[in-house]
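Below you'll find the structure, written out as structure tokens, and then a few comments.
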Number of protein chains: 2
Amino acid sequence: MPDQSVDGRLPLYLQLRDLLAAQIRAQKWQPGQAIPSEAELSQTHQMAVGTVRRAIETLIAEGLVERTHGRGTFVRKARFDNSLFRFFRFESAEGQPLAPRSVIVGRKTIEAPRQVAEALHLKPHARVIELLRLRTVDDQPVLAENIYLCAQRFKALADKAPEDFGDLLYPLYERECGLIVASARETLTVETVTAAQARLLGLKEKTPVVVIERIAFGSDGTPLEWRQSRGAASKFRYSAEIR
Amino acid sequence: MPDQSVDGRLPLYLQLRDLLAAQIRAQKWQPGQAIPSEAELSQTHQMAVGTVRRAIETLIAEGLVERTHGRGTFVRKARFDNSLFRFFRFESAEGQPLAPRSVIVGRKTIEAPRQVAEALHLKPHARVIELLRLRTVDDQPVLAENIYLCAQRFKALADKAPEDFGDLLYPLYERECGLIVASARETLTVETVTAAQARLLGLKEKTPVVVIERIAFGSDGTPLEWRQSRGAASKFRYSAEIR
DNA sequence: TAGTGGTCTAGACCACATG
DNA sequence: ATGTGGTCTAGACCACTAT
């Protein structure tokens with residue numbers, strides 16, 4: 001009986017890619033665990049190892065697995081919470097990167113604003129948890145964040161004490177709600193800071209801030225979290241290669 | 001006699017990649033022209049077609065060539081002048097992208113500022129051409145640019161009438177100076193506009209602007225041009241995927 | 001030493017683009 | 001019809017990691 005979720009008209013290596021991707025999303029192997037070896041997969045799926053290799057190379061390009069030469073092929077852990085900081089430069093005088101800390105400064109359950117409902121694919125009046133969070137480096141406030149989560153899916157967070165959330169939210173989502181953030185899309189813009197945010201960040205009024213708007217997606221592609229992060233534009237730096 | 005510029009200790013496919021990359025940089029084939037077919041390369045270099053494929057796939061990943069199924073493998077044309085506008089959103093009310101126009105508003109030959117000399121790998125007191133350029137969309141000024149070029153290499157531009165430069169500089173560099181821009185590195189920051197720039201761009205003083213600092217490299221990797229472009233931060237928008 | 005991925009070969013056959 | 005790249009096979013041998 002042919003496997004569901006796999007299109008038989010596709011090339012073999014893509015069929016295997018889709019199958020493995022589905023199994024990874026279904027948590028058949030935990031992040032960090034090894035998937036079967038090339039030889040094993042070529043046997044169980046009745047295809048040449050070269051074809052298996054190609055499927056796995058595709059998965060690597062998509063960031064789902066990692067390979068190490070004599071060791072094996074492993075499901076990649078999604079751990080990119082700090083990647084936000086690639087847009088800002090926060091380092092000690094010696095150029096050492098500094099570890100950011102987080103404090104939750106507000107939490108309430110509200111009706112989803114239109115923009116949030118759209119981004120999270122929620123019904124117009126669905127309820128969401130709003131978190132206000134301040135991120136600090138070296139005890140200096142550097143980023144103010146507004147975070148929105150579907151109240152239904154994240155109801156474990158409505159009760160838990162915010163002091164126990166820790167510095168990183170994505171591990172918390174996984175621990176408390178069983179939701180794993182696998183990818184995200186960010187959009188950067190610039191605006192001038194509001195009075196409330198200026199107070200939080202210790203900035204003068206009308207200072208320009210960079211706004212990073214992020215939608216975080218689960219491993220099945222559903223939007224889980226919407227957040228806006230604001231930081232002083234003077235601290236902002238981003239580099240890109242083009243060709 | 002073994003080929004220079006290729007390391008015999010590397011895997012075969014990487015040796016071929018290096019060889020082809022060197023030949024492309026040396027303009028053995030013009031941009032847009034086809035390189036030899038897989039079969040031909042496998043014959044002339046005495047290796048299996050699978051190995052040739054792998055070399056070419058690497059070149060594709062690096063952006064040096066493009067392939068189309070039944071047609072062949074072609075040297076990629078570097079035509080990314082407009083890519084600067086990927087950081088800004090300039091479109092008509094209907095969402096149509098608008099074609100930018102350029103005006104050279106200043107040109108002089110000066111001693112290279114320290115930062116420019118460093119970026120272009122010039123001696124501390126080398127002379128450079130400084131161009132001031134205004135880019136407009138729909139007759140509205142949107143970007144003010146300071147452009148620096150090594151006076152020696154670009155001396156054809158010191159005399160030519162700036163009205164004849166046209167809207168795009170990189171084709172001009174190629175036509176007048178035989179220099180081809182193949183890649184670039186950009187760094188984005190935010191600052192408040194100076195009085196002179198505010199006048200040029202039609203902005204109020206102290207408006208926040210996004211600064212795009214670009215070093216453009218030739219096909220052999222030498223830095224050719226250094227430029228700073230400034231545009232109103234309110235028009236700035238940039239998106240990125242992360243995982 | 002056993003098991004893994006990394007390189008390489010020498011084919012076959014298919015799908016696409018062009019004259 | 002010809003020539004191109006795209007898929008797939010079934011091996012061989014090498015290099016790295018672990019025990």
Side-chain angles (χ1 to χ4, degrees), chain A residues 2-3 6-21 23-24 28-77, chain B residues 2-3 6-21 23-24 28-77:
Chain A
D3 199 293
V6 166
D7 188 338
R9 298 165 300 183
L10 259 39
L12 258 185
Y13 78 95
L14 283 181
Q15 293 183 41
L16 179 56
R17 183 224 85 95
D18 289 347
L19 179 60
L20 291 174
Q23 292 177 330
I24 288 170
K28 176 162 178 175
W29 309 283
Q30 296 297 319
Q33 276 196 332
I35 70 171
S37 73
E38 298 178 346
E40 202 172 331
L41 287 169
S42 100
Q43 280 226 333
T44 62
H45 294 90
Q46 291 294 300
M47 55 181 79
V49 286
T51 308
V52 173
R53 284 190 71 74
R54 183 113 193 243
I56 294 178
E57 273 157 15
T58 312
L59 290 173
I60 292 172
E62 291 168 322
L64 281 169
V65 299
E66 282 173 329
R67 268 200 295 203
T68 327
H69 196 145
R71 296 212 313 135
T73 305
F74 304 86
V75 176
R76 237 186 76 168
K77 301 173 195 162
Chain B
D3 199 292
V6 165
D7 188 338
R9 298 164 301 184
L10 259 38
L12 258 186
Y13 78 95
L14 282 181
Q15 293 182 41
L16 179 56
R17 183 225 85 96
D18 289 347
L19 179 60
L20 290 173
Q23 291 176 331
I24 288 170
K28 176 163 179 175
W29 308 283
Q30 296 298 320
Q33 276 196 333
I35 70 173
S37 73
E38 297 179 346
E40 202 172 330
L41 287 170
S42 99
Q43 279 227 333
T44 62
H45 293 91
Q46 291 294 301
M47 55 181 79
V49 286
T51 308
V52 173
R53 284 190 71 75
R54 184 117 192 239
I56 294 178
E57 273 157 15
T58 312
L59 289 172
I60 292 172
E62 290 168 324
L64 281 169
V65 299
E66 283 173 328
R67 268 199 294 202
T68 327
H69 195 146
R71 296 212 315 135
T73 305
F74 304 86
V75 176
R76 240 187 72 169
K77 299 175 195 161

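Side chains are part of it too, since the values below use all heavy atoms of this structure and drop only hydrogens, waters and symmetry mates. Residue numbering restarts at 1 for every chain, and letters A, B, ... go by the order of the sequence lines.
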- Query: Passes side chain to side chain contact (heavy atoms under 4.5 Å, CB included), A:L59 versus A:T73? Steps please.
  - Reply: CA-CA 10 Å; A:L59 290 173; A:T73 305; over 6 Å; no
- Query: Rounding to a whole Å, what distance do you find between B:L41:CG and D:dG5:C1'?
  - Reply: 13 Å
- Closest-nucleotide 5' rank along DNA chain D - winner of A:T68 and A:V49: A:V49
- Item | Residue-phosphate contact under 4.0 Å: B:S37 side-chain N/O, D:dT4 OP1/OP2 | yes
- Item | Donor-acceptor under 3.5 Å (B:E66 side chain, B:F74 main chain) | no
- Message: From CD of B:E66 over to C1' of D:dT4, roughly how many Å is that when rounded to an integer?
- Response: 16 Å
- Task: Would you grab the first and last nucleotide of DNA chain C (5' to 3') that comes under 4.0 Å of any non-hydrogen atom in chain A?
- Result: C:dG3 to C:dT7
- With a non-hydrogen cut-off below 4.0 angstrom, is A:R53 in contact with a base, only sugar-phosphate, or nothing? base
- Task: Give a yes or no on this: more than 12 heavy atoms of other residues, nucleotides or ligands lie within 6.0 Å of atom CD of A:Q33.
- Result: yes
- Item | Given DNA chain D, 5'-ward residue of the pair A:G70 and A:Q46, judged by closest heavy atom | A:Q46
- Query: Taking OP1 and OP2 of D:dG5, is either one under 4.0 Å from a side-chain nitrogen or oxygen of B:T73?
  - Reply: yes
- Query: For D:dC16, does OP1 or OP2 lie under 4.0 Å from any side-chain N or O of A:R71?
  - Reply: no
- Item | Option from B:L19, B:L12, B:T51 for which side chain to side chain contact (heavy atoms under 4.5 Å, CB included) with B:H45 holds | B:L19
- Within this structure, what is the CD-to-P distance between B:E38 and D:dG5, rounded to whole angstrom? 5 Å
- Which is it for A:L20 and A:L64 under the side chain to side chain contact (heavy atoms under 4.5 Å, CB included) test, yes or no, and what are the steps along the way? CA-CA 10 Å; A:L20 291 174; A:L64 281 169; over 6 Å; no
- Message: Between B:E38 and B:R67, is there a side-chain heavy-atom distance shorter than 4.5 Å?
- Response: yes
